[in-house]
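Each remark here refers to the structure printed beneath this line.
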Amino acid sequence: MKRRQRIDSATAAVKVMASEAKGEVLPPEHNPLPEAAMPFWRAIARGRAREEWEEAPALLSTAASLAWTQWQIAEARGYIDGSKPIPDGVKAAAILSRLIDLQRLEMAYLRTLQQHARGAQGEARDVAKRRAATREIADSNPLDDDLLARPSAFN
């Protein structure tokens, strides 16, 4: 197994910034999502660095399925709590049964994504440290440090 590069190196920081410049991770073309499911997709995709998604492209499909399932759960909850009218001919018991099935499916997708994360990325404590460092690098503005030359206002 190839050794992972340290995230606190300058090379890793450049790699993270270059990855962030590519834009957001999108669902795979073979597993499209409706626009209503995209907020769920974005929340899932932000959970990992782009490099982690690119290392295991098959997980993108699982993540897309998870986003679709979470969207369907939100829809079903709307019918149950009364914020959305139940369609004609559909019984509340059928919606509740479907909700339970969707929640089981959601848990399976979550387990799949987490199990692979541990297998591919290592222990959770190490992954959390790498992700926090990656987030810090991605959120920082390189122009805020004093390492780059700037024009001076002094004459």
Side-chain angles (χ1 to χ4, degrees), residues 1-90 92 94-142:
M1 179 185 276
K2 128 180 145 168
R3 184 180 164 141
R4 298 194 65 76
Q5 183 174 8
R6 293 178 53 111
I7 191 64
D8 59 351
S9 68
T11 305
V14 168
K15 188 175 178 182
V16 168
M17 286 188 273
S19 176
E20 290 296 318
K22 292 180 185 176
E24 76 175 323
V25 176
L26 297 173
E29 290 179 14
H30 64 275
N31 199 350
L33 290 172
E35 192 58 39
M38 289 306 289
F40 297 98
W41 166 262
R42 289 182 191 102
I44 293 165
R46 277 193 309 265
R48 296 178 187 225
R50 176 181 284 277
E51 295 83 34
E52 292 180 45
W53 290 117
E54 290 173 351
E55 286 175 3
L59 284 183
L60 285 173
S61 186
T62 302
S65 296
L66 174 60
W68 183 88
T69 302
Q70 289 177 334
W71 167 59
Q72 289 295 306
I73 288 171
E75 292 289 310
R77 284 184 181 152
Y79 296 131
I80 291 171
D81 70 14
S83 63
K84 291 184 173 192
I86 296 177
D88 292 335
V90 178
I95 294 173
L96 186 57
S97 175
R98 178 74 175 143
L99 176 62
I100 291 168
D101 291 343
L102 286 168
Q103 288 173 329
R104 287 185 181 137
L105 189 59
E106 177 188 32
M107 290 307 298
Y109 288 137
L110 287 168
R111 277 193 301 274
T112 299
L113 290 171
Q114 183 58 35
Q115 285 175 347
H116 188 276
R118 182 173 181 197
Q121 305 301 325
E123 293 294 325
R125 66 178 180 274
D126 299 330
V127 172
K129 288 177 189 174
R130 279 197 307 273
R131 288 182 182 163
T134 301
R135 232 178 279 116
E136 185 178 318
I137 292 167
D139 293 342
S140 70
N141 183 351

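Here, residue 1 is the first one in the sequence, and each next residue gets the next number.
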[Y] and [X], any side-chain heavy atoms less than 4.5 Å apart:
| X | Y | result |
| --- | --- | --- |
| V25 | W41 | yes |
| Q72 | L105 | no |
| R77 | S83 | no |

So, taking the atom named [atom1] in [X] and the one named [atom2] in [Y], what distance separates them when rounded to the nearest 0.5 Å?
| X | Y | atom1 | atom2 | result |
| --- | --- | --- | --- | --- |
| L66 | L33 | CG | CG | 10.0 Å |
| I44 | L110 | CD1 | CG | 7.5 Å |
| E54 | L60 | CD | CG | 8.5 Å |
| E106 | D101 | CD | CG | 13.0 Å |
| Q103 | R98 | CD | CZ | 11.5 Å |
| M38 | E24 | CE | CD | 5.5 Å |

Next item on the list: Apply side chain to side chain contact (heavy atoms under 4.5 Å, CB included) to P87 and list each qualifying residue two or more places apart in sequence or on a separate chain.
Entry: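 If we apply the side chain to side chain contact (heavy atoms under 4.5 Å, CB included) test to P87, skipping adjacent residues, the hits are Y79, V90.
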So, for W71 and F40, which heavy atoms are closest and what is the spacing to 0.1 Å?
->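 Taking W71 first and F40 second, the nearest heavy atoms are CA-CE1, 3.5 Å.
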Identify the heavy atoms of N31 and A64 that sit nearest to each other, and give their distance.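 The answer is ND2-CB, 3.7 Å.
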- Is E136 atom CD crowded by more than 12 heavy atoms from other residues, nucleotides or ligands, each under 6.0 Å away?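 Not buried by this count: 12 neighbours or fewer within 6.0 Å.
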* Asked: Taking W53 for the side chain and A45 for the main chain, is one N or O donor matched with an acceptor at less than 3.5 Å?
  ->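 Looks like yes, one N/O pair under 3.5 Å.
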